[in-house]
Amino acid sequence: MKKLSFLLVNVFILCACLLMESCSSEKENSPIPDSGTSSSVTAVDMGVSVKWADKNVGATRPDVYGGYYAWGEIWKKSEYSWFTYDFSNDKDGYEFWKYNTKESYGYIDSLIVLEEQDDVASQLLGKKWRIPTTEEWQELIDNCSWEWGKLNNIYGMFVTASNGNSIFLPAAGHKYDGMRYYSEGSYCDYWSSTLNSDYPREAVGMRNGYVRTDYRYNGFSIRAVCK
């Protein structure tokens, strides 16, 4: 009887430990809700084909970083890696179930621009808002002046249009491999809505006034646009 009681106690302890471990893991990688609303964002006419939001998605002011988002995901996370990336079927990011143009990377759907349900700007700010395309970032770069500076002691880029309007892009850097920041205060890293169709592990973004590509799992800032 003592042996049976001892066995039952051990089984109970083991089950409790497994349950706690499961809950801890789920909590660690679970989505973190955001609170951005369309009423808190102002559309700024920068003299180009779309109007640009005055602050980042998830930010309360232009000098606040806001949320970090992996490309195509609509939530903040506690870990940014291939292992937690929604559209990857493996932990190394070599097989995708959506947004893929190459047979060597899994199922081909030929989607190269984020759909509305995968656009965090549309989901958090309202349907009139969305993440800019590569072309729209390039249009802003080509038609505005870009100057490095500070707003309320936060480093970033002042983008000024020929009509005198301006926006500030804080240099939030980006997040990867857990909660680590990369070059916070030095790089303005922002996603576009466009996939790198030649290498679908990457999407197109903008850094400090230049269009470039990076791995889709990285947590970048988002600046929205509207018509």
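Worth saying up front: this structure is predicted, and the values here are computed from it rather than measured.
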Go through Ile112 and Thr101 one step at a time and tell me if the side-chain contact (heavy atoms from CB on, under 4.5 Å) criterion holds. CA-CA 8 Å; Ile112 60 172; Thr101 56; 3.7 Å; yes
May I have the step-by-step check of side-chain hydrogen bond (donor to acceptor under 3.5 Å, both in side chains) for Lys77 and Thr84, ending in yes or no? CA-CA 9 Å; Lys77 299 187 295 186; Thr84 65; 3.0 Å; yes
Before you tell me yes or no, could you show the steps for Trp137 and Trp191 under ring pair (Phe, Tyr, Trp, His ring centres under 6.0 Å), namely the whole-Å CA-CA distance, both residues' side-chain angles and the distance that decides it to 0.1 Å? CA-CA 9 Å; Trp137 270 116; Trp191 281 128; over 10 Å; no
Does the pair Cys188 and Trp148 meet the rule for a side-chain contact (heavy atoms from CB on, under 4.5 Å), with working shown? CA-CA 10 Å; Cys188 303; Trp148 184 258; 4.0 Å; yes
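Under the salt bridge (charged side-chain N to carboxylate O under 4.0 Å, His left out) criterion, no residue pair touches residues 216-227, with sequence neighbours excluded. Applying the salt bridge (charged side-chain N to carboxylate O under 4.0 Å, His left out) test to pairs two or more places apart or on separate chains, those with a residue in residues 193-210 are Asp189-Arg207. The salt bridge (charged side-chain N to carboxylate O under 4.0 Å, His left out) analysis of residues 98-114, with sequence neighbours excluded, yields the pairs Lys98-Glu115, Lys98-Asp118.
Minimum interatomic distance between Ser192 and Ile131 (heavy atoms only, all atoms of both residues): C-CG2, 3.4 Å. Between Leu151 and Asp63, the closest heavy-atom pair is O-CB, 3.6 Å.
Side chain to side chain, Ser88 and Asp86 fail the donor-acceptor criterion of an N or O pair below 3.5 Å. Side chains of Asp119 and Gln123: no donor on one and acceptor on the other come within 3.5 Å.
Tyr107 and Trp97 have their aromatic ring centers separated by at least 6.0 angstrom. Aromatic ring centres of Trp82 and Phe96 lie closer together than 6.0 Å. Two rings, from Phe87 and Trp71, have their centers 6.0 Å or more apart.
Neither Val50 nor Val57 shares a network with the other; the hydrophobic side chains, linked directly or stepwise wherever heavy atoms of I, L, V, M, F, W or Y lie under 4.5 Å apart, form separate groups for each.
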Name the atoms and distances for all side-chain donor-acceptor pairs under 3.5 Å in residues 154-171, with sequence neighbours left out.
{"from": "Asn163", "atom 1": "OD1", "to": "Asn165", "atom 2": "N", "distance (Å)": "2.9"}
{"from": "Asn163", "atom 1": "ND2", "to": "Asp45", "atom 2": "O", "distance (Å)": "3.1"}
{"from": "Asn165", "atom 1": "ND2", "to": "Asp45", "atom 2": "O", "distance (Å)": "2.7"}

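Tyr190 meets the side chain to side chain donor-acceptor pair (under 3.5 Å) test with Asn56; sequence neighbours excluded. For Ser49, the side chain to side chain donor-acceptor pair (under 3.5 Å) partners are Glu139, not counting sequence neighbours.
Contact of the Arg130 side chain with the Glu116 side chain is not registered, since no non-hydrogen atoms from C-beta on lie closer than 4.5 Å.
Note that the OG atom of Ser221 and the NZ atom of Lys55 stand 14.5 Å from one another [nearest 0.5 Å].
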